[in-house]
Every structure is written in structure tokens, then in C-alpha cells.
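What follows is a short report on a single structure.
Along the sequence shown, the residues carry numbers beginning at 1.
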Amino acid sequence: MVDSIDGPTGPHYLLLDKGLQFRITEAVNSMYNFDFKTAERGFLVMKHSYPEHPLPDFLIGLSQWWKIAPNMDDTRYDKRFLAYMDSAIYKAEKILKKEPENKEAAFFLAGSHGFKGRLYSERKSWTKATFSGRNALKYLEMSRGDEELNPELILGDALFNYFSVWIPENYPLLKPVLALFPKGNKQLGLKQLEEVSANAFYARVEAQYFLFRLYSGEEKKPYEALNITTYLHDKYPNNAYFHRFYARQLYAVGRGAEAKDESLEILKRIDENQTGYESNSGRYAAFFVGQYYERVNDTANAKRYYEKAVAYGEETESQESGYYLYSLLHLGKIATKENNKPKAKRYFKEVKKYAKRKHPVHQEARDFIKKNNI
């Protein structure tokens, strides 16, 4: 079977093949629902049909990425992820050599280098991350400007528009790299991400991922983030990453009882060793449950779940994470109420040990110690 077909209007991009999209819907949905066995079986069938096209390798690589996503400290899937992204790069480069104007090949090159850069930055391999980032930007620039083709290819435009402004604002050291490229437009980038999240097939969930992260963080739109995480959790109920962020957004908008219920379900799935559910999610979930019980004055259960959050934090060596530190802070406050100042002192000492002095939790601990003569 051929990988691309030249028609009267130019090359036929496999990304836009509706028949193929229909055939692999189950595989794509299975990947996002953490049924990786079913997903990769479908992608391997596609790879047999299109051996020279980067799409199957990219999707198998993406499947490895979603195995990593719930706990970025888990390096078990790194080699396999990088191997498939490298294979996608190799095949896309071959296409681009034959067809220098091929936007689809540029899209896969931007995406593969971009994902590699994300992993390298998580692994603090800054030189490799910078190299991958430069390549991603170069190919994003090449893949831009074909809005009329399909929402799949707008994802590159959207990310370029948003992050070419966001990165210099937040990472001044990268300004010289971005100076080589045109300046983007953050609001246009958000609008394009919304379009991709509504209309694309392959790129929809990735666009939704970026949207809810941006809405919950930089854009300060917690209810919009909740809408997206609600949809994603409903559609992919076994995706541990989406489940965690759904619980987080319920907590962020003050729906504490619902956040508690979802968090207890997360903790149950961790105990059952369900795929993707691990200590990182446990740290979030146990904190949200602890917060709920403290709010309803159930001190015994509040302590129990804050202690769980601390244990999960120590298991993943995440002592500098907010949920770990705030769990210690609340345990210290509870110990103070119970007139157990030695225990409170130990908790606050841990907060000050692991939190940077400028961190709000460090300041709160110092103020509480001073006010209560601990």
C-alpha cells in the first residue's frame, strides 16, 4: 500500500485520510484510555500497511509517552519512546527530501523533535533538550500556514503562536533561540488550540492537554480547565493522568466533596495496581482527601490522609512538591491544636528543610511558629 498519493490538488496526506481515521479510532481511544496493548496492536497493523510513513511510529512513540506521563520520574519507557520518535523523524526526513514543501512531513518532524525535547527537559538533559527544541521550532515554522488543509496541521501553528511569546516571557535565556523566528500571538494560539481540540482527530486530545494545562496555570481560567478535564475523564476513565487533573480541578474550584470522592477512587486504583496509577497521583489524591476531612473537622481522617500524602511524596522523592510540603504544614497545625508541640516542631522543621525560603509554605510555617511560640 502506498504512503501518499499525488492528486490534482497535490499530495494526499495520510493524516487527513478519513478512512484510516475510522479504522484506527479504537486504537487511538485505547491509547488515551491506557489500554496500551490494544492501541499498539492497532498501530502495528497500520505500520504494516504504511511501512515508510512516520505516522505509525509517531503513534507508537506517543503511546510510550502516555506510559511516562503519570510519573515523569519513571524512565522504563524512555528508550522505546526515543527509538520510535527517531524512526518517525527518519521517515519524515526521507519524505521531505523528496517533497520539500510537504507540510505533513514537517508536522511530524516538529512533533517528534518537540516530544523528544519535552522528555529531555524532564530528564534535565539541557543540551539535548535545546537541540530538539531548535529542530522542533524550525519544522514548526515549515509546517505553519496551512489552516485551510485541516485542524490536524493547525496544532503546530497554535503551539508556535502561544509558546513563541510564552517562552521568552518565562525563560529569558531562550530568547536568542526564538529571535530567529517570527513572533507569535498568544491569544491566536489559544483560539487555534480550541479549534484543534474541537475538530481534529489525531491532534484533538493533545490540544486539549495543552489547553487544560494553560487554563489551569498561565491563563488563570480554572472553570474552563475543569470543563476540559471533565470531558477527558468521562471519555477516558482509565487515564490516570486525566483522572488526577480532574480531581485537581474539582479541588481548585472549591468542589471539595467531589474532589474527595474522585481522590478516594484514585487511591483505590493505586492499591489495585491499575495501569498508570502510582505514588505521584497518590500524593495529590491523599492531600485532597485530607483537606476535605480537615474542612469537616474530622481530624483523625485528615491526619491519616495527610500522612499518606507525605508517605507517597517520600516514595517518589518529591519532598519539594507543594502537596508534600502543605501536608506537613497541616500536620504541624493539627499537632499544635492537639497540644503536641514537639511533634508540631518536627513537622515544621521538615517544611523548612525542604521548602525554599521564598516558597509561601516556608513563610507560612515561620509565621505560624512565631505566632504559636513553637
Please step through side chain to side chain contact (heavy atoms under 4.5 Å, CB included) for the pair Glu40 and Gln64, ending with a clear verdict.
CA-CA 10 Å; Glu40 288 171 28; Gln64 312 315 306; 3.1 Å; yes

Working note: Glu307 + Lys303, criterion salt bridge (Lys or Arg N to Asp or Glu O under 4.0 Å); need CA distance, chi angles, decisive distance, verdict.
CA-CA 6 Å; Glu307 286 165 358; Lys303 279 165 64 176; 5.7 Å; no

Under the side chain to side chain contact (heavy atoms under 4.5 Å, CB included) rule, what do Arg269 and Asn238 come out as? Steps first, then yes or no, please.
CA-CA 10 Å; Arg269 294 185 186 191; Asn238 294 320; 3.6 Å; yes

Evaluate the side chain to side chain contact (heavy atoms under 4.5 Å, CB included) criterion for residues Phe108 and His53: first the C-alpha distance (whole Å), next the side-chain angles of each, then the deciding distance (0.1 Å), finally the verdict.
CA-CA 10 Å; Phe108 281 113; His53 199 280; 3.6 Å; yes

Between Gln291 and Tyr326, is the side chain to side chain contact (heavy atoms under 4.5 Å, CB included) condition met? List the steps.
CA-CA 10 Å; Gln291 285 275 281; Tyr326 277 103; over 6 Å; no

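When Tyr306, Tyr251, Tyr284 are each tested for a ring-ring contact (aromatic ring centres under 6.0 Å, His included) with Tyr323, only one passes: Tyr284. The salt bridge (Lys or Arg N to Asp or Glu O under 4.0 Å) test with Glu52 singles out one residue from Lys94, Lys91, Lys98, and that residue is Lys94. The only option from Tyr223, Phe245, Tyr231 that meets the ring-ring contact (aromatic ring centres under 6.0 Å, His included) definition with Phe212 turns out to be Phe245.
Summarising the geometry of Gly276 relative to Pro70, their closest heavy-atom pair is O-CB, 3.3 Å, with the distance given to 0.1 Å. In terms of heavy-atom proximity, Tyr139 sits nearest to Ala110 at CB-N, 3.6 Å. Contact between Phe201 and Gln21 at its shortest, heavy atoms only, is CZ-O, 3.3 Å. Closest of all the heavy-atom pairs between Leu329 and Val351 is N-CG2, 3.8 Å. Scanning all heavy atoms of the two residues, the minimum distance from Gly114 to Ala136 falls at N-CB, 3.7 Å. Minimum interatomic distance between Ser281 and Ala240 (heavy atoms only, all atoms of both residues): OG-O, 4.3 Å.
Residues Ile154 and Phe107 share a single hydrophobic cluster, defined by chaining ILVMFWY side chains whose heavy atoms lie under 4.5 Å apart. Phe210 and Trp66 fall within the same hydrophobic cluster, where Ile, Leu, Val, Met, Phe, Trp and Tyr residues are linked whenever their side-chain heavy atoms come under 4.5 Å apart, directly or through other members. Hydrophobic clustering, with ILVMFWY side chains joined whenever heavy atoms are under 4.5 angstrom apart, keeps Phe242 apart from Phe288. Leu62 and Leu82 fall within a single hydrophobic cluster, where Ile, Leu, Val, Met, Phe, Trp and Tyr are joined by side-chain heavy atoms under 4.5 Å apart, directly or via other members. When the side chains of ILVMFWY residues are joined at heavy-atom separations under 4.5 Å, either directly or via intervening members, Tyr120 and Phe131 end up in two distinct hydrophobic clusters.
The closest donor-acceptor contact from the side chain of Asn372 to the backbone of Ile374 lies at 3.5 Å or more, if one exists at all. The main-chain N or O of Ser318 is found under 3.5 Å from a side-chain atom of Ser321 such that the two form a donor-acceptor pair. In this structure a side-chain-to-backbone donor-acceptor pair under 3.5 Å is missing from Asn33 to Asn29. In terms of modelled atom types and a separation under 3.5 Å, the side chain of Lys103 and the main chain of Met142 share a donor-acceptor contact. Panel note: side chain Thr38, backbone Asp35; no donor-acceptor pair is recorded below 3.5 Å.
To the nearest 0.5 angstrom, Leu250 atom CG is 9.5 Å from Asp261 atom CG. Rounded to the nearest 0.5 angstrom, Lys116 NZ and Asn135 CG are separated by 8.5 Å. Between the OG1 atom of Thr230 and the CD atom of Glu258 there is a distance of 8.5 Å, given to the nearest 0.5 Å. A distance of 8.5 Å separates CZ of Arg283 from CD of Glu278, quoted to the nearest 0.5 Å. The line from CD of Glu350 to CD of Gln319 is 8.5 Å long, rounded to the nearest 0.5 Å. Atoms CG and CZ, on Asn297 and Arg295 in that order, are 11.0 Å from each other to the nearest 0.5 Å.
In this structure, Arg255 and Leu226 have side chains that are in contact, with non-hydrogen atoms separated by less than 4.5 Å. Counting heavy atoms from C-beta on, the side chains of Arg304 and Asn301 come closer than 4.5 Å. Residues Ile68 and Asp74 are not in side-chain contact: their nearest non-hydrogen atoms beyond the backbone lie 4.5 Å or more apart. Side chains of Thr299 and Glu338 form a contact here, defined as non-hydrogen atoms less than 4.5 Å apart. Side chains of Glu364 and Lys333 form a contact here, defined as non-hydrogen atoms less than 4.5 Å apart. Looking at heavy atoms from C-beta onward, Tyr241 lies in side-chain contact with Tyr209 at the 4.5 angstrom threshold. You'll find the side chain of Asn199 stays beyond 4.5 Å of the side chain of Arg204, heavy atoms only. When side chains are defined from C-beta on, Trp126 counts as touching Ser121, because their heavy atoms get closer than 4.5 Å.
Cation-pi check for Lys67 over Phe36 is met; the charged atom lies under 6.0 angstrom from the ring centroid and within 45 degrees of its normal.
Judged by distance alone, the side chains of Gln363 and Asp367 do bring a donor and an acceptor atom under 3.5 Å apart. Side chains of Gln249 and Glu224: no donor on one and acceptor on the other come within 3.5 Å.
Heavy-atom contacts from other residues, nucleotides or ligands closer than 6.0 Å to CD of Glu93 number more than 12. Dense packing is recorded around CD of Glu314, with more than 12 heavy atoms of other residues, nucleotides or ligands lying under 6.0 Å away. No more than 12 heavy atoms of other residues, nucleotides or ligands sit less than 6.0 Å from atom NZ of Lys128.
For residues 355-374, every residue pair satisfying the ring-ring contact (aromatic ring centres under 6.0 Å, His included) rule, not counting sequence neighbours, is listed here: Phe348-Phe368. The ring-ring contact (aromatic ring centres under 6.0 Å, His included) pairs that include a residue from residues 70-102 are Trp65-Phe81, where partners are two or more places apart or lie in different chains.
Tyr236 is linked by a ring-ring contact (aromatic ring centres under 6.0 Å, His included) to Tyr32, counting only residues two or more places apart in sequence or in another chain. The side-chain contact (heavy atoms from CB on, under 4.5 Å) test applied to Met46 returns Leu20, Ile24, Phe43, Tyr50, Leu55, Pro56, Leu59, not counting sequence neighbours. Residues passing the side-chain contact (heavy atoms from CB on, under 4.5 Å) test with Ser197, sequence neighbours excluded: Ala207, Gln208, Leu211.
We find that Arg213 and Glu219 are not joined by a salt bridge, their nearest charged nitrogen and carboxylate oxygen being 4.0 Å or further apart.
Counting side-chain heavy-atom gaps under 4.5 Å among Ile, Leu, Val, Met, Phe, Trp and Tyr, the cluster of Val289 also holds Leu264, Ile266, Leu267, Ile270, Tyr277, Tyr292, Tyr293, Val296, Tyr305, Tyr312.
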